[in-house]
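All of these numbers come straight from a predicted model, not from anything done at the bench.
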Amino acid sequence: MAVLYSSTRNSSEKLTASQAILKGLADDGGLFVPDHIPALDVSIEELAKMSYQETAYEVMKLMFSDFTEEELKKCINSAYDSKFDTEEIAPLVQADGAYYLELFHGPTIAFKDMALSILPHLLITSARKNNVKNDIVILTATSGDTGKAALAGFADVEGTKIVVFYPKNGVSPIQEKQMVTQKGANTRVVGIKGNFDQAQTGVKQMFNDKAFAAELDKAGFQFSSANSINIGRLVPQMVYYVYAYAKLYANGVIAKDEKINVVVPTGNFGNILAAFYAKNMGLPIAKLICASNENKVLFDFFTTGTYDKNREFILTNSPSMDILISSNLERLIYRIAGNDADKNAALMKSLSQDGKYEITDEMREQLADFYGNYTTEEETGAVIKNLYEKTGYVIDTHTAVAAGVYGKYKEETGDGETKTVIASTASPFKFTRSVMDAIDTKYDAMGDFELVDELSKIGNVAVPQAIEEIRTAPVLHDIVCEVEEMPNVVRDFLGV
């Protein structure tokens, strides 16, 4: 049975997967959700023998049912190739009683590559399937990693242009250098004088501006999104949880149908939602452990049932999680509201007007699969140091938030027996200063690239190509604007 997609705020309109991928965001500001999640139709024994690419096809064919086998396999094989520095694409590393799923072996050394390597191919295929003649303009806000991964995915892809907005002082030096040195005639990177939530809100407003859309259409352009709100980003993220489970089974770590826990460092809620969707496909996941940093809006939500963004925005050393509006949570809210678009729309209206909403006790009962907690900056640093001293394994700040929360989960619940996969979402080379400072403050006097070489030495790992490339790369993007100037920056870039 074909999977169709509708908006979380209006379930009457049904779209195919390719139509939903093309639109990115629904006209009413809602997010596209599947009308059902099909069960995996291959056995764990079969999955255990599959490559990452083969696993990806088995998951995606169910969710993207209007793509032909040939179209989908072409997208998958174009995405997961030599751009990744390991044949496995997403290796599992055992360290200190947990299994770290390394999602950072792509071209920009962060987990966003797992979905953003395939999204351009899905988008272009979707455009052809739907006879779209306009150029696709990708409009994206980033808290650090999405931006570079989207730029790398879309650079010089025919029929597309991409504009990335990031908070000027809200990303790491390496993250910023990766973005502002991006090549490609169809790319534009813009720093905004504000935080990520303001950048994301600015992008959403442009998506919802009908007059702007008409203006662009006249000039031969139409917007689409590469943020995790695009279903073409979310579905590919389901794949690596299925792959990780199959690998644990293949390696004799777990028995058939044995449940595992999954820990995800969480900002915009897309990555952990993908794990939830994989669970709904039949993957034996026990607990979905949602790890936050000091911007703990999600921890408070899981604890109290109230989502409240009215609080101080804290800049932390895990900047990709410095978020107070977790956009993808709306998909989960829609689901626990009984797929009731009206009920969900009312809650989102409350979030927009008052900055908060409260779910019912009945809805809260459906969140039993989730556990939320957070770590402080101090705790995050201690996790990096302790794991390194104990095992020699070096993790980045976001992964450390997840590992720290996993420690709290075990302490609180006494569940130390369930095999656990921790989503390792970025290479430590992306956040060298924070990582090296955590290991020893003596490194603080070193320059950014000296730290890179020192990390390579102490962690006994090669410097990733993505870092080598930006050592001497010239800055190609130096625009900084006010939040309200964002639409004019886009007009200028497109020559509209």
Side-chain angles (χ1 to χ4, degrees), residues 3 5 17-18 20-21 34 37-65 67 69 71-81 83-84 86-92 99-108 110-123 125-126 145-146 149 153 226 228 230-250 260 262-264 269-285 288 328 331 421-425:
V3 175
Y5 291 83
S18 63
I21 289 167
I37 295 176
L40 277 166
D41 57 6
V42 282
S43 68
I44 187 64
E45 289 85 359
E46 289 170 280
L47 284 165
K49 296 178 188 141
M50 288 184 187
S51 67
Y52 191 87
Q53 293 83 343
E54 289 164 337
T55 308
Y57 176 71
E58 293 303 330
V59 174
M60 289 191 216
K61 72 174 190 193
L62 299 172
M63 300 297 288
F64 295 154
S65 51
F67 283 71
E69 180 176 350
E71 285 169 340
L72 203 45
K73 284 185 172 172
K74 190 179 175 195
C75 290
I76 288 165
N77 294 328
S78 301
Y80 306 112
D81 57 10
K83 288 191 287 293
F84 287 79
T86 163
E87 214 173 298
E88 283 180 283
I89 307 295
L92 274 169
Y99 294 84
Y100 288 83
L101 178 61
E102 291 188 345
L103 301 172
F104 53 75
H105 288 280
T108 74
F111 83 101
K112 308 288 170 85
D113 289 326
M114 303 300 293
L116 282 164
S117 292
I118 194 168
L119 183 63
H121 303 288
L122 292 172
L123 258 173
T125 307
S126 297
D145 285 338
T146 289
S228 58
N230 192 315
I231 198 74
R233 273 275 305 273
L234 189 64
V235 169
Q237 292 179 273
M238 296 164 66
V239 174
Y240 44 74
Y241 296 109
V242 176
Y243 180 74
Y245 187 89
K247 279 288 161 277
L248 289 177
Y249 175 77
I260 63 165
V262 171
V263 192
V264 187
F269 208 76
N271 202 356
I272 195 164
L273 184 73
F276 175 73
Y277 276 11
K279 180 182 167 98
N280 281 277
M281 266 194 164
L283 199 67
I285 294 175
L288 294 150
N328 270 293
R331 287 185 164 113
V421 168
I422 294 176
S424 185
T425 52

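- Checked against salt bridge (Lys or Arg N to Asp or Glu O under 4.0 Å), E88 has no partners two or more places apart in sequence or in another chain.
- The heavy-atom pair separating V242 from A278 by the smallest distance is CG2-CB, 4.4 Å.
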L123/I21 under side-chain contact (heavy atoms from CB on, under 4.5 Å): CA gap, chis, key distance, verdict: CA-CA 6 Å; L123 258 173; I21 289 167; 4.1 Å; yes
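- Between the SG atom of C75 and the CD1 atom of I118 there is a distance of 5.5 Å, given to the nearest 0.5 Å.
- N271 and Y241 form a side-chain donor-acceptor contact under 3.5 Å, judged by distance and modelled atom types alone.
- Inter-residue side-chain proximity for I422 and E102 is flagged as unmet; no heavy-atom pair is nearer than 4.5 Å.
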Step-by-step side-chain contact (heavy atoms from CB on, under 4.5 Å) determination, K83 to D113: CA-CA 10 Å; K83 288 191 287 293; D113 289 326; over 6 Å; no
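- Between the side chains of N230 and R233, not a single donor N or O lies within less than 3.5 Å of an accepting N or O.
- Remark: H105 NE2 to F84 CZ distance equals 10.0 Å, nearest 0.5 Å.
- When every heavy atom of P107 is checked against every heavy atom of S117, the shortest pair comes out as CD-OG, 4.4 Å.
- Side-chain contact between V421 and L248: present, with at least one pair of heavy atoms (C-beta onward) separated by less than 4.5 Å.
- Rounding to the nearest 0.5 Å gives a distance of 8.0 Å between OH of Y249 and OG of S43.
- Annotation: the span from Q237 atom CD to L116 atom CG amounts to 8.5 Å, rounded to 0.5 Å.
- Taking the side chain as every heavy atom from C-beta outward, D41 and L62 approach each other to under 4.5 Å.
- No side-chain heavy atom of L101 sits less than 4.5 Å from a side-chain heavy atom of V262.
- Panel note: side chain N280, backbone I37; no donor-acceptor pair is recorded below 3.5 Å.
- Looking at V3 and P38, their side chains come closer than 4.5 Å, going by heavy atoms from C-beta outward.
- Looking at M63 and M281, their side chains come closer than 4.5 Å, going by heavy atoms from C-beta outward.
- If you look at F64 and F67, their ring centroids are closer than 6.0 Å.
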Audit row: R331, I231, side-chain contact (heavy atoms from CB on, under 4.5 Å) steps and yes/no: CA-CA 11 Å; R331 287 185 164 113; I231 198 74; 4.1 Å; yes
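- The pair E58-K61 counts as a salt bridge, with a side-chain nitrogen and a carboxylate oxygen less than 4.0 angstrom apart.
- Side-chain contact between I44 and Y245 is present, with at least one heavy-atom pair separated by less than 4.5 Å.
- Nearest heavy atom pair, residue A20 against residue Y5, reads CB-CB, 3.9 Å.
- Smallest separation of non-hydrogen atoms from E54 and M50: OE1-CA, 3.3 Å.
- For the atom pair I76 CD1 and K74 NZ, the distance stands at 13.5 Å (nearest 0.5 Å).
- Of the inter-residue distances, the one linking Y80 atom OH with M114 atom CE reads 6.0 Å to the nearest 0.5 angstrom.
- When all heavy atoms of G153 and P120 are compared, the closest pair comes out as O-CG, 3.3 Å.
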Evaluation steps, side-chain contact (heavy atoms from CB on, under 4.5 Å), between F104 and T425: CA-CA 6 Å; F104 53 75; T425 52; over 6 Å; no
